[in-house]
Protein chains: 2
Amino acid sequence: MAREPNPNFMAGVPELMILRLLQEREMYGYEIVQAIRAETGDVVSIGEGVAYTVLHALEREGALKSRRRRVEGRSRIYYALTQAGLKRYQNLAGTWLTLARAIQTVIKQDSFQTFIQTFIMGGHHAAV
Amino acid sequence: MAREPNPNFMAGVPELMILRLLQEREMYGYEIVQAIRAETGDVVSIGEGVAYTVLHALEREGALKSRRRRVEGRSRIYYALTQAGLKRYQNLAGTWLTLARAIQTVIKQDSFQTFIQTFIMGGHHAAV
DNA sequence: CGCTATACCTCTAAGTTAGAGGTAACATAT
DNA sequence: ATATGTTACCTCTAACTTAGAGGTATAGCG
């Protein structure tokens with residue numbers, strides 16, 4: 001039960017990513033976790049525990065609805081966006097775009113340091 | 001003691017913003033809170049409680065050092081980055097740039113919805 | 001049969017944040 | 001002098017998010 005110092009770089013990102021995916025098509029938990037990694041090139045990687053927690057919370061709040069399906073002999077719980085869920089995604093996405101822009105602007109003001117980060121030190125990974 | 005549902009859109013943003021400012025010059029808590037609002041055009045607005053909590057934590061961890069100064073008859077506690085603090089800022093900034101870029105890319109894939117958010121619904125504000 | 005991958009789930013510890021609350025000094029206006 | 005407002009510091013709690021460990025069960029393959 002040794003716990004890392006936990007950087008905890010962000011909040012709401014898992015939810016945002018999940019809503020983003022479900023806005024396109026119905027998906028199941030396990031699939032969502034893999035898809036987020038694939039979509040962001042591993043920049044964002046959420047654990048299964050977080051994924052299911054978020055999915056359950058969103059369903060409880062009416063943003064998602066689920067149905068059990070048997071596909072290729074496997075039992076899966078597919079989640080789909082409700083109208084409320086779509087609205088929630090649009091709000092979250094809007095807020096994040098604004099925030100992401102603001103942060104980039106502010107941080108990039110030290111261009112020397114950005115140069116180093118981007119071209120010399122290379123990429124970064126955020127374990128969500 | 002009525003509590004809002006707490007959107008809690010992000011984590012680490014207050015720390016990032018504070019380090020960013022102190023990387024330029026020595027500042028005091030109250031000043032930092034105003035500066036963040038000004039710098040981001042109110043997109044990011046951290047409460048005093050959060051600001052002082054973060055400042056104290058960062059000092060405890062050796063990322064900042066403080067000194068009490070009397071300026072214009074007012075007693076202020078000025079915080080400055082240490083070497084460790086600078087390093088910490090550079091790491092955090094790098095991670096956030098990458099994250100912000102990834103999120104923007106992913107979200108902007110639904111361009112219709114982005115169009116609406118950006119040009120029709122207008123800006124968003126995030127209370128951190 | 002044992003192994004791996006799929007697929008679901010729960011729990012705890014640690015962390016962040018909002019917001020309410022509080023103190024004190026100074027500045028200006030009444 | 002007193003009131004009000006601003007500056008400037010601080011603490012506390014409740015709510016929430018997250019990481020990570022742990023657990024179950026089924027399917028497919030060698």
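Predicted, not measured: the structure shown is a model, and the values here were computed from it. Chain letters run A, B, ... following the sequence lines, proteins first and then strands; every chain starts at 1.
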Original post:
Between the side chains of A:Ser75 and A:Arg70, is a donor N or O closer than 3.5 angstrom to an acceptor N or O?
Top reply: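 Side chains of A:Ser75 and A:Arg70: no pair found under 3.5 Å.
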
Subject >> Nucleic acid contacts of residues 29-38 of chain A, taken as heavy-atom distances under 4.0 Å to DNA chain C >> reply: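 Only A:Gly29, A:Tyr30 qualify.
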
Subject >> DNA chain C contacts among residues 55-64 of chain B, heavy-atom distance under 4.0 Å >> reply: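 Heavy-atom contacts with DNA chain C come from no residue of residues 55-64 of chain B; none.
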
Nearest whole angstrom, please: distance from the [atom2] of [N] to the [atom1] of [X].
X: A:Ile77; N: C:dT6; atom1: CD1; atom2: C1'; answer: 13 Å
X: A:Arg76; N: C:dC8; atom1: CZ; atom2: P; answer: 8 Å
X: A:Trp96; N: D:dT17; atom1: CH2; atom2: C1'; answer: 12 Å
X: B:Leu16; N: C:dT17; atom1: CG; atom2: C1'; answer: 16 Å
X: B:Arg67; N: D:dA8; atom1: CZ; atom2: P; answer: 15 Å
X: B:Leu99; N: D:dT18; atom1: CG; atom2: P; answer: 11 Å
X: A:Glu15; N: D:dA15; atom1: CD; atom2: P; answer: 19 Å
X: B:Leu92; N: C:dG15; atom1: CG; atom2: P; answer: 15 Å

**OP:** Counting heavy atoms from C-beta on, name the nucleotide in C:dT10, C:dT17, D:dA8 closest to the side chain of A:Tyr52.
**Re:**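 Per side-chain heavy atoms of A:Tyr52, the pick is C:dT10.
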
Original post:
With respect to the side chain of A:Thr53, which nucleotide from C:dA7, C:dC11, C:dT17 is positioned closest?
Top reply: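 Comparing C:dA7, C:dC11, C:dT17 against the side chain of A:Thr53, the answer is C:dC11.
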
When rounded to the nearest 0.5 angstrom, what is the spacing between [atom1] in [X] and [atom2] in [Y]?
X: A:Tyr52; Y: A:Tyr30; atom1: OH; atom2: OH; answer: 8.5 Å
X: B:Thr53; Y: B:Glu15; atom1: OG1; atom2: CD; answer: 12.5 Å
X: B:Ile77; Y: B:Glu59; atom1: CD1; atom2: CD; answer: 8.5 Å
X: A:Glu48; Y: A:Gln34; atom1: CD; atom2: CD; answer: 7.5 Å
X: B:Leu19; Y: B:Leu64; atom1: CG; atom2: CG; answer: 6.5 Å
X: B:Leu81; Y: B:Leu21; atom1: CG; atom2: CG; answer: 10.0 Å

**OP:** Take A:Glu26 and A:Arg69 through the salt bridge (Lys or Arg N to Asp or Glu O under 4.0 Å) test and state the conclusion after the steps.
**Re:** CA-CA 11 Å; A:Glu26 177 178 66; A:Arg69 281 175 69 192; 3.2 Å; yes

Original post:
Can B:Ile18 and B:Ile46 be said to form a side-chain contact (heavy atoms from CB on, under 4.5 Å), step by step?
Top reply: CA-CA 10 Å; B:Ile18 288 173; B:Ile46 80 170; 4.2 Å; yes

Original post:
Quick one: are B:Val44 and B:Arg37 in side-chain contact, heavy atoms under 4.5 Å?
Top reply: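 A side-chain contact under 4.5 Å is absent here.
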
Taking N or O atoms only and anything under 3.5 Å, show me the protein contacts with nucleotides 22-26 of chain C, one pair per line.
| unit_1 | atom_1 | unit_2 | atom_2 | d |
| --- | --- | --- | --- | --- |
| C:dC26 | O2 | B:Arg74 | NH2 | 3.4 |

**OP:** Assign the ring pair B:Tyr78 / B:Tyr28 to parallel, tilted or perpendicular, where the plane angle (0 to 90°) is split at 30° and 60°.
**Re:**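 Answer is perpendicular, since the angle exceeds 60°.
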
**OP:** Report yes if a side-chain nitrogen or oxygen of B:Tyr28 is closer than 4.0 Å to either non-bridging phosphate oxygen (OP1 or OP2) of D:dC9; otherwise report no.
**Re:**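 No.
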
